[in-house]
Amino acid sequence: MGRSLSGSRVLVLGGSSGIGLATAKSAADAGAKVTIASRSGEKVNTAVAHVGKGATGVPLDTTDDAALEAFFVKNPEWDHIVVSVAAGKSAGLHAMTVAEAYGNMNAKFWTAYKTAKLAKITPEGSLTLVSGFLSQKPNKDALLQGCINAALESLGRGLALTLAPVRVNTVSPGLIDTPIRAAMPADKKKAMLDNAAATLPVRRVGQAEDVADAILMLMTNPFTTGSTLFIDGGGMIA
Ligand SMILES: NC(=O)c1ccc[n+]([C@@H]2O[C@H](COP(=O)([O-])OP(=O)(O)OC[C@H]3O[C@@H](n4cnc5c(N)ncnc54)[C@H](OP(=O)(O)O)[C@@H]3O)[C@@H](O)[C@H]2O)c1
């Protein structure tokens with residue numbers, strides 16, 4: 001294994017769309033045996049067909065404790081796991097119910113925590129979490145998202161000690177153009193992405209592949225653990 005993904009068993013939770021899907025595709029292209037999991041069977045099937053190279057998929061809602069546990073009882077051993085599950089609606093303190101807030105924390109933070117507890121990752125393997133730049137740059141319209149991301153980055157550092165020698169890292173994306181904003185009106189979305197592109201030092205928003213490249217590096221670099229890698233087009237310094 002080590003620096004090569006060839007023949008390694010890679011699980012991507014939240015792998016049917018966006019960053020997870022791009023990661024699944026890159027890992028499969030690098031020779032990994034990829035498994036994609038997310039809630040929608042239809043999205044999983046489409047993703048498996050897109051990734052090809054013998055990839056498999058399973059419909060799985062990671063907020064369902066019993067289902068997640070049953071999945072890892074049936075499929076305990078992995079070389080690399082990537083958690084790219086999205087949290088759900090992003091909103092400010094007064095625009096979200098407490099139940100929605102709990103749901104978001106459950107989907108994104110507790111999925112990572114439970115996965116670390118349930119999976120058996122081989123000693124040379126890795127766990128990669130996906131957080132987000134709001135951990136460092138709070139936004140009043142996405143208050144909780146920043147908190148979840150900060151918690152994930154802390155979890156990643158702590159797990160790097162807890163699960164050692166398994167390596168645990170976190171990738172923290174900036175604004176990435178993925179289906180996560182599919183529900184946004186097209187003109188509003190375009191204005192937001194154009195504005196971000198104009199202000200970022202790299203003068204463009206990110207693509208899922210930009211983040212997938214970083215995740216593959218974290219999976220395969222044997223001296224990297226406890227890191228949070230910002231893939232944000234310079235958003236942190238802009
Ligand atoms: N895009 C950005 O600008 C950006 C910026 C910073 C951080 N991030 C973070 O990056 C991660 C990936 O985001 P993305 O942009 O790639 O989003 P995306 O395209 O919406 O993909 C999210 C994935 O999560 C799956 N998912 C959601 N809830 C799930 C659940 N309960 N159980 C299992 N799978 C679930 C979705 O599939 P199903 O619907 O089939 O479940 C989908 O495969 C997220 O954590 C997001 O917060 C994104």
Side-chain angles (χ1 to χ4, degrees), residues 11-26 34-48 50-51 55 57-68 71-72 81-91 100 102-115 128-139 142 144-153 155-156 170-184 189 192-193 195-197 200 204-212 214-215 228-233 235-236:
L11 171 65
V12 188
L13 297 174
S16 69
S17 176
I19 293 166
L21 178 57
T23 302
K25 177 97 180 93
S26 295
V34 173
T35 301
I36 290 165
S38 83
R39 293 167 300 182
S40 157
E42 195 181 331
K43 279 166 73 174
V44 167
N45 288 342
T46 305
V48 163
H50 170 73
V51 169
V58 56
L60 176 65
D61 182 345
T62 61
T63 64
D64 181 337
D65 291 354
L68 190 66
F71 173 79
F72 280 117
I81 299 181
V82 179
V83 183
S84 188
V85 170
K89 170 181 154 183
S90 218
E100 286 171 329
Y102 280 154
N104 283 3
M105 191 76 180
N106 198 9
K108 192 162 169 173
F109 177 79
W110 290 110
T111 290
Y113 184 97
K114 291 182 295 185
T115 298
T128 308
L129 312 180
V130 180
S131 60
F133 71 114
L134 293 173
S135 63
Q136 315 294 315
K137 274 195 151 182
N139 181 325
L144 181 69
Q145 191 65 52
C147 302
I148 296 170
N149 292 341
L152 271 176
E153 289 167 14
L155 179 69
T170 306
V171 64
S172 190
L175 198 67
I176 312 296
D177 187 11
T178 71
I180 204 168
R181 294 179 193 84
M184 253 178 115
K189 183 171 119 179
M192 188 192 77
L193 295 178
N195 180 52
L200 285 173
R204 69 170 178 87
V205 295
Q207 299 300 315
E209 290 71 21
D210 298 324
V211 185
I215 293 174
T228 299
L229 183 54
F230 294 95
I231 305 296
D232 67 348
M236 210 69 69

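Atoms within each ligand, like the ligands themselves, are counted from 1 in listed order.
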[X]: heavy atom below 4.0 Å from ligand 1, yes or no?
{"X": "P173", "value": "yes"}
{"X": "A182", "value": "no"}
{"X": "G174", "value": "yes"}

Can you see whether S131 engages E153 through a side-chain donor-acceptor pair at a distance of less than 3.5 angstrom? yes

What distance do Q145 atom CD and M105 atom CE have between them, rounded to the nearest 0.5 Å? 10.5 Å

Does any non-hydrogen side-chain atom of [Y] lie less than 4.5 Å from one of [X]?
{"X": "V44", "Y": "V58", "answer": "no"}
{"X": "P173", "Y": "I19", "answer": "yes"}
{"X": "K25", "Y": "V34", "answer": "no"}
{"X": "K114", "Y": "T62", "answer": "no"}

For [atom], which protein heavy atom lies nearest, and how many Å away is it?
{"atom": "atom 13 (O) of ligand 1", "answer": "I180 CD1, 3.9 Å"}
{"atom": "atom 12 (C) of ligand 1", "answer": "S84 OG, 3.2 Å"}
{"atom": "atom 1 (N) of ligand 1", "answer": "I176 O, 3.1 Å"}
{"atom": "atom 41 (O) of ligand 1", "answer": "R39 NE, 2.7 Å"}
{"atom": "atom 19 (O) of ligand 1", "answer": "S17 OG, 2.6 Å"}
{"atom": "atom 3 (O) of ligand 1", "answer": "R181 NH2, 2.7 Å"}
{"atom": "atom 46 (C) of ligand 1", "answer": "K108 NZ, 3.6 Å"}
{"atom": "atom 33 (C) of ligand 1", "answer": "L60 O, 3.2 Å"}

[X] heavy atoms, cut-off 4.0 Å: which ligand 1 atoms fall inside?
{"X": "G132", "value": "6 (C), 7 (C)"}
{"X": "G18", "value": "16 (O), 19 (O)"}
{"X": "D61", "value": "30 (C), 31 (N), 32 (N)"}
{"X": "S40", "value": "40 (O)"}
{"X": "V130", "value": "9 (C), 10 (O), 11 (C)"}
{"X": "S16", "value": "37 (O), 40 (O), 42 (C), 43 (O)"}
{"X": "L175", "value": "3 (O)"}
{"X": "Q145", "value": "47 (O)"}

Please give me the minimum heavy-atom distance between [X] and [Y], naming the atom from each residue.
{"X": "V12", "Y": "G20", "answer": "CG1-O, 3.5 Å"}
{"X": "V51", "Y": "I36", "answer": "CG2-CD1, 3.8 Å"}
{"X": "G14", "Y": "V85", "answer": "N-CG2, 3.7 Å"}

Relative to ligand 1, is [X] under 4.0 angstrom through side chain, backbone, both or neither, heavy atoms considered?
{"X": "T178", "result": "side chain"}
{"X": "K43", "result": "side chain"}
{"X": "S131", "result": "backbone"}
{"X": "L21", "result": "neither"}

Verdict with supporting geometry, T115 and F72, side-chain contact (heavy atoms from CB on, under 4.5 Å): CA-CA 8 Å; T115 298; F72 280 117; 3.8 Å; yes

Do any N or O atoms from the side chain of [X] and from the backbone of [Y] form a donor-acceptor pair under 3.5 angstrom?
{"X": "N104", "Y": "K89", "value": "yes"}
{"X": "S172", "Y": "G132", "value": "yes"}
{"X": "T111", "Y": "K108", "value": "no"}

Please say which of I81, I215, L229 ends up in a side-chain contact (heavy atoms from CB on, under 4.5 Å) with T128. I215

Between I19 and ligand 1, is there a nitrogen or oxygen pair with a distance under 3.5 Å? yes

Check R204 with D210, please: is the shortest side-chain N to carboxylate O separation under 4.0 Å? yes

Nearest option to atom 32 (N) of ligand 1, as decided by whichever heavy atom of T62, V211, T46, T23 sits closest: T62

